[in-house]
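Heads up, the thing below is written out as structure tokens.
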Amino acid sequence: MLAEIIVDVPSLNTDQPFTYGVSENFSFVKKGCRVVVPFGKGDRLVTGFVVGLKEEDVSEELKMIQEVLDFEPVLNDELLALSQFMQEKTFAFKITCLQTMLPNALKADYDKEFWPTEQISAEEMEIFQGQECLHLKEVNERGLLNQLIKWRDQKKIEIIYRVAQKSQPKTQRYVKNLLTAAEIKTQQNLQRKNATKRLALLEALLAVKEEEVSTQFFYQLGLDASILKQGAQSSWLSFIEKEVYRDPFANKNFPQTTPQVLTDEQQVAFTKIDDARKEKQAETFLLEGITGSGKTEVYLQVIQEALNNGQTALMLVPEIALTPQMVQRFKGRFGNLVAVLHSGLGQGERYDEWRKIQRGEASVVVGARSAVFAPLENLGVIIIDEEHETSYKQSDTPRYHARDLAQFRSQFHHCPLVLGSATPSLESRARAQKKVYQLLTLTKRPTQQALPTVEIIDLKDEFKKGNFSTFSTTLTEKIQQRLKKREQIVLMLNRRGFSSFVMCRTCGFVLPCPNCDISLTLHMDIKKMKCHYCGHEEPIPNRCPQCQSEKIRYYGTGTQKVETELAELFPEARILRMDVDTTRKKGAHEKILAQFAAHEADILLGTQMIAKGLDYPLVTLVGVLNADTALHLPDFRASEHTFQLLTQVAGRAGRGDLPGEVVIQSFNPEHYAIQLAQKQDYENFYQKEMNLRHLGGYPPYFYTVQVTASHKEEDVAAKTIFNFFTLLKENLTDQAIFIGPSPKAILRVNNQFYYQLLIKYKNEPNLAELLKQIQEKTLELAFKGVKVAIDVEPLQFM
Ligand code: ADP
Ligand code: ZN
Ligand code: ZN
């Protein structure tokens, strides 16, 4: 047999499969398994993925597979095809795409153990030579692999992967009684009277009958490991190793939740989606519903239908929305059928969840971005909640967007894809406008909860009144009221765009670029104001060019400072702080939220990470301390992100019976993103923003690609980008628009200089080929220390 293998040498020369021979010993190898093969002149051993097999004779000069790492494919045909699709979309190397799809634990070294099952005969047991299991090394040395794989297929053997380090499957030892009751009686008569332990063991085995019981059972009877071992030597019993999963939610109680009677709007959405599922249509739906309008309830009921029909379901949520509350809703509805994948899991826990999915034991997967690779079969529905979130795009190579990959899987399984959001990305909403997606809307809350009232405070006025604190008079008063009533408060300090621009505290003026419609960015490293798009620079102003005030300075404050300020203002308040510093430890995030849920604190102060998914009935006041910081980022999506964030965070107030109130503090209260967020008016925001995008020539009217080059010498990075610019300029149509080449907003990171080029286009048939050429050059450039990144539809411009 011959195998086509993608080897782990990421460079274009190795981006197509190589053919290797498969010896008799490895004839069990399957497509989607990882193998070890010799590569290159020195026959260096590298790992690779089998992507094809051919029944052909092995010729003399062919190199042979040295080892097979997986006995079951780790990637099935669908996922192999998905990796191909991802490669075409992202211009990454094939091997990088393949590896991205696996849980980290599988990338580490691991051993395999071969354990007998009950099906094995006494004769066949001899292969174990008295050992309880065999290790891979020995199996290879004794040439038993093929034999054992056959037995595995006949269920006589179980293979357990032991990942080096922490990620071993956890096992629990069980005892199987090998004697009948009559045989036990005989044995009892054969024992000496003073062999109390042995007699007690026989007594215990009599009680056990045919059940497999954990060794714990015997330990409790005072029968220790050594007597059990004696029992095994006398062939009274055998040991069985059973795998147990590490379940991060094992000791938690999930109250059963029952389906709600859907509202009319929910019913329409549910029926449309479920019909597509029944009719096996790969349709994409955009479920646009205000916060608290019952989107999640619709997801849950569609998933229920899929499960009832023997299908599986995949639900993606942003990492930070994977709160205990979200998990609880899913576990509460579907119990152990749910596997949860998020970065808070240890490598081992994640691996266990992945295996549960692969073995078909979990049929609902809830997870963050990379859960899009969950090896689910027979998908009935895919859901992406909060579809506008930028965390669905991976920022490192392969720079895939989970939405694109989910679309591929939806096509493959002929199942619907649901994109849900209160504030859809303009791209998705525009596609719904063009009927590429089917738009479903939820405009009301099913509960009697009214939307919170939102008040906007102009911080410029506060300054005029001489209040230089982080808290406006209004917000201070409202916090005071809640504390008195023992209600809870959520305060958000927006860290996005933190202290990166200069603003006049008297008139709110922000320094614009004379050539572009974008504000200048503060570069403390070179002490200058700089335009991210055209490269224009000027000195940091001492005086406001508009009102001459001297109170112009960089804007920003930290959560820690705000916490101190809060403690001084409200000495009686119990405060919890949630930011990158307080959530670094595993489980810290959950702990803070649990404390807040248990009303062990009055105020939860945090960064954007508190904006999502929280649903606490006692929260009646939400304060946004600084709504504008993100508005002035050199990013054409700045308004969109601000609108989304404010709408999300406002949705946290008044989730229970008590009415909610929101206070937004801002230096730009008249900005449309803030005004429309106040009304939770997505549709008008969409219209307004689309107009601006049209005028500026930005997505969704144009597609974009960003090429970045970095090097420790500035002119090398710049020259590289200029070369690409020339190549593209000469070969694209004159419809393509170039922004740059220009230095990145943060020019130097870790002593590397970054230059970038943004291409905006509508229809460029040559572009994919040109980007491939650029990708090919990256190899040669990498030798010179130049790093090149191609980002299709970039979401980050900093
Ligand atoms: P969203 O996902 O849009 O924010 P949720 O699904 O979380 O909305 O619903 C908000 C609240 O309304 C939840 O407490 C949920 O239990 C409740 N809810 C949802 N649908 C219904 C319904 N049909 N009848 C009654 N309550 C509902
Ligand atoms: Zn001013
Ligand atoms: Zn400019």
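In each ligand, atom 1 is the first atom listed, and ligand 1 is the first ligand listed.
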To which protein heavy atom is [atom] closest, and what is the distance rounded to 0.1 Å?
{"atom": "atom 10 (C) of ligand 1", "answer": "Gly292 O, 3.6 Å"}
{"atom": "atom 20 (N) of ligand 1", "answer": "Gln266 NE2, 3.0 Å"}
{"atom": "atom 2 (O) of ligand 1", "answer": "Thr296 OG1, 2.6 Å"}
{"atom": "atom 8 (O) of ligand 1", "answer": "Gly294 N, 2.9 Å"}
{"atom": "atom 14 (O) of ligand 1", "answer": "Asp615 OD2, 4.4 Å"}
{"atom": "atom 16 (O) of ligand 1", "answer": "Gln260 NE2, 3.2 Å"}
{"atom": "atom 17 (C) of ligand 1", "answer": "Thr447 CG2, 4.1 Å"}

Q: Mind checking whether Lys295 contacts ligand 1 via backbone (N, CA, C, O), side chain (CB onward), both or neither, at a 4.0 Å heavy-atom cut-off?
A: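 For Lys295, backbone and side-chain atoms both sit under 4.0 Å from ligand 1.
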
Q | Arg329 and ligand 1 - part of the residue with a heavy-atom distance under 4.0 Å | A |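 Side chain only; the backbone of Arg329 stays clear of ligand 1.
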
Counting only heavy atoms from other residues, nucleotides and ligands, does the tally under 6.0 Å from [atom1] of [X] exceed 12?
{"X": "Asn308", "atom1": "CG", "value": "yes"}
{"X": "Glu600", "atom1": "CD", "value": "yes"}
{"X": "His694", "atom1": "NE2", "value": "no"}
{"X": "Lys89", "atom1": "NZ", "value": "no"}

Q | Close side-chain approach of Leu426 to Arg637, heavy-atom, < 4.5 Å | A |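 A side-chain contact is absent here, since even the closest heavy-atom pair is not under 4.5 Å.
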
**Q.** Min side-chain heavy-atom separation Ser639-Glu689 under 4.5 Å
**A.**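 Heavy-atom side-chain distance check passes, below 4.5 Å.
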
**Q.** Pair Tyr400 and Phe373, ring centroids less than 6.0 Å apart
**A.**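 Yes, they do, as the ring centres are separated by less than 6.0 Å.
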
Q. What atoms of ligand 1 come closer than 4.0 angstrom to any heavy atom of Val261?
A.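 The list of qualifying atoms is 22 (C), 23 (N), 24 (N).
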
Q: May I ask you to list the atoms of ligand 1 that are less than 4.0 angstrom from any heavy atom of Glu297?
A: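 Under 4.0 Å from Glu297, ligand 1 has these atoms: 6 (O), 19 (C), 20 (N).
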
Q.
Looking at Glu793 and Arg403, is there a salt bridge between them, counting it only when a charged N and a carboxylate O are closer than 4.0 Å?
A.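 Glu793 and Arg403: not salt-bridged.
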
Q. Nearest 0.5 Å, what's the CG-CD distance between Asp602 and Glu487?
A.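 That separation rounds to 11.0 Å.
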
Q) Closer than 4.0 angstrom: is that true for some heavy atom of Ser293 and an atom of ligand 1? A)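 Yes, that is the case, since the closest heavy atom of the residue is under 4.0 Å from the ligand.
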
**Q.** Non-hydrogen atom of Arg445 closer than 4.0 Å to ligand 1
**A.**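 Per 4.0 Å heavy-atom rule, Arg445 does not contact ligand 1.
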
Q) Which of these, Gly651, Gly420, Pro446, has its nearest heavy atom closest to atom 18 (N) of ligand 1? A)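 Heavy atom nearest to atom 18 (N) of ligand 1 belongs to Pro446.
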
Q. Quick one: which of Glu683, Glu288, Glu265 gives a side-chain hydrogen bond (donor to acceptor under 3.5 Å, both in side chains) with Thr443?
A.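 Testing Thr443 for a side-chain hydrogen bond (donor to acceptor under 3.5 Å, both in side chains) against Glu683, Glu288, Glu265 leaves exactly one candidate, Glu265.
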
Q | Polar contact flag for Thr291 and ligand 1 (N/O pairs, less than 3.5 Å) | A |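 No; every N/O pair is 3.5 Å or more apart.
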
